[in-house]
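This report refers to the structure that appears directly beneath it.
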Amino acid sequence: KAKEKGGNRVTFFDNSFGEQAKRRFEIEQDLRKAISQNEFTLYVQSQFNSQQILKGGEVLLRWIHPQKGFISPAEFIPIAEESDIIYDLDCWVLKNALSLIKKLDKRHAALSISVNISGRHFHEPRFLSLLKTQLDSYKIQPNQLTIEIIEGTLLNNIESAIEAVQLLKNLGVRVSIDDFGTGYSSLTYLKQLPIQELKIDRSFVFDAPKDNNDKLIIDMIVSLGNLFQLDVVAEGVENQSHFDLLQEYPQVILQGYHLHKPEPASEWLKKINN
Ligand code: C2E
Ligand code: MG
Ligand code: MG
Ligand code: MG
């Protein structure tokens, strides 16, 4: 068909487009069985304060596909989000994160475990009621759980977002805005959202040592945090220069490869409970 339209470029385009569509389709199909086939693992990346004291960890999903091998959540989460698979996936992660919290040693009662929840369904009553049921059955302190929502998706429907965040707050769960600075939060929205935390997007951290504009954005987010009494987390602290720069903000919580690379939750737990 491409040939009829003439030209190799058309053929080439059609093929690579076909390849992409095929991979996408296969991933979507395989995602449906991946939970029952035990192909997912939870990883945890530690978070530290400026004195390098452990403050918590972010749970990150890893998928080892039986044929395709490792597939990044950056690839499969958006595919899951376009179908209803994301609901089962986030429920699975939530359940396992709560079981992880349950297994934390008593002396770690002040740590908070962060879980990424897709903005697509976090407004849904069934998600909130599942969360409530799970919190009751695991009997954990609800403030040991932090729900991260990406700024952009949170703002799709601000009225319903305010309501959902309020419900989470009523449950005692912490709420964090992930990738903060990449969406379009206005001060009016921030003032209305009963959140506890802002996570500076790693793109700002990445360039801050050489780009003063990114440094100024970090200044601004830290100031917002102070103003609204929110915790501020910097993600993507990848090297010494990022770490040194962030020492200027002693209240900021640090997360990144420079401090700790994500590791399987079971190993992380063994290490910190030891
Ligand atoms: P995110 O929530 O912003 O997570 C941070 C990402 O940055 C993670 O990528 C992490 O491995 C990576 N990272 C950590 N430290 C560094 C660093 O120093 N340098 C660099 N360059 N990267 C660093 P990951 O695990 O590939 O996850 C990508 C995204 O996928 C996450 O971004 C999150 O939006 C989504 N995601 C991951 N797990 C889940 C999940 O269980 N549920 C949902 N809904 N989304 C998830
Ligand atoms: Mg996150
Ligand atoms: Mg992020
Ligand atoms: Mg991200």
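In listed order, ligands and their atoms are each counted from 1. Atoms considered below: every heavy atom in the structure, side chains included; atoms not considered: hydrogens, waters and symmetry mates.
Here's the thing with R202: one of its N/O atoms is less than 3.5 angstrom from an N/O atom of ligand 1.
The Mg ion (ligand 2) sits nearest to atom OE2 when only the N, O or S atoms of E58 are considered. Within D178, OD2 is the N, O or S atom that lies nearest to the Mg ion (ligand 2).
At a 4.0 Å heavy-atom cut-off, ligand 1 touches R62 through the side chain alone. Residue contacts with ligand 1, taken as heavy atom pairs separated by less than 4.0 Å, involve E235 solely via side-chain atoms from C-beta onward. Heavy atoms of N116 found under 4.0 angstrom from ligand 1 belong to the backbone as well as the side chain. Heavy atoms of Q45 found under 4.0 angstrom from ligand 1 belong exclusively to the side chain.
With a cut-off of 2.8 Å, the Mg ion (ligand 2) has an N, O or S atom of N116 in range. Put simply, E235 stays out of reach of the Mg ion (ligand 2), with no N, O or S atom under 2.8 Å from it. Residue E148 does not count as close to the Mg ion (ligand 3), with no N, O or S atom under 2.8 Å. One of the N, O or S atoms belonging to D179 lies under 2.8 Å away from the Mg ion (ligand 3).
Between E39 and W63, the side chains place a donor N or O and an acceptor N or O closer than 3.5 Å (distance only, hydrogens not considered). Q45 and E58 are not linked by any side-chain donor-acceptor pair at a separation below 3.5 angstrom, with hydrogens and angles left out of the test. When only modelled atom types and interatomic distance are considered, T146 and S112 share a side-chain donor-acceptor pair under 3.5 Å.
Annotation: the span from I272 atom CD1 to D105 atom CG amounts to 8.0 Å, rounded to 0.5 Å.
Minimum heavy-atom separation, P209 to H242: CG-CD2, 3.5 Å. In this structure, I162 and Q192 approach most closely via the heavy-atom pair CD1-OE1, 3.4 Å. Contact between Q144 and L111 at its shortest, heavy atoms only, is NE2-O, 3.0 Å.
Interface of P262 with ligand 1, defined as ligand atoms under 4.0 Å from a residue heavy atom, comprises 11 (O). Counting atoms of ligand 1 from 1 in the listed order, those under 4.0 Å from a heavy atom of V237 are 18 (O). Using a 4.0 Å cut-off to heavy atoms of D179, the atoms of ligand 1 that qualify are 3 (O). Of all atoms in ligand 1, listed by their number and element, those nearer than 4.0 Å to a heavy atom of S118 are 44 (N). Within ligand 1, counting atoms from 1 as listed, the ones closer than 4.0 Å to a heavy atom of I77 are 42 (N), 43 (C), 45 (N), 46 (C).
The aromatic rings of Y87 and F127 stand perpendicular to each other, their planes meeting at an angle above 60°, with 30° marking the opposite boundary.
E248 and K215 are joined by a salt bridge, as a carboxylate oxygen and a charged side-chain nitrogen come within less than 4.0 angstrom of each other. Between E28 and R24 there is no salt bridge, since none of the side-chain N atoms of the basic residue sits less than 4.0 Å from a carboxylate O of the acidic one. The existence of a salt bridge linking D178 and R202 is excluded, since no basic side-chain nitrogen approaches an acidic carboxylate oxygen closer than 4.0 Å. We find that K22 and E26 are joined by a salt bridge, their nearest charged nitrogen and carboxylate oxygen being less than 4.0 Å apart.
Residue contact check for ligand 1: E58 places a non-hydrogen atom closer than 4.0 Å to it. Within the structure, the closest approach of I150 to ligand 1 falls below 4.0 Å when heavy atoms are considered.
Between the choices I86, L61, N239, D90, the shortest heavy-atom distance to atom 42 (N) of ligand 1 belongs to D90.
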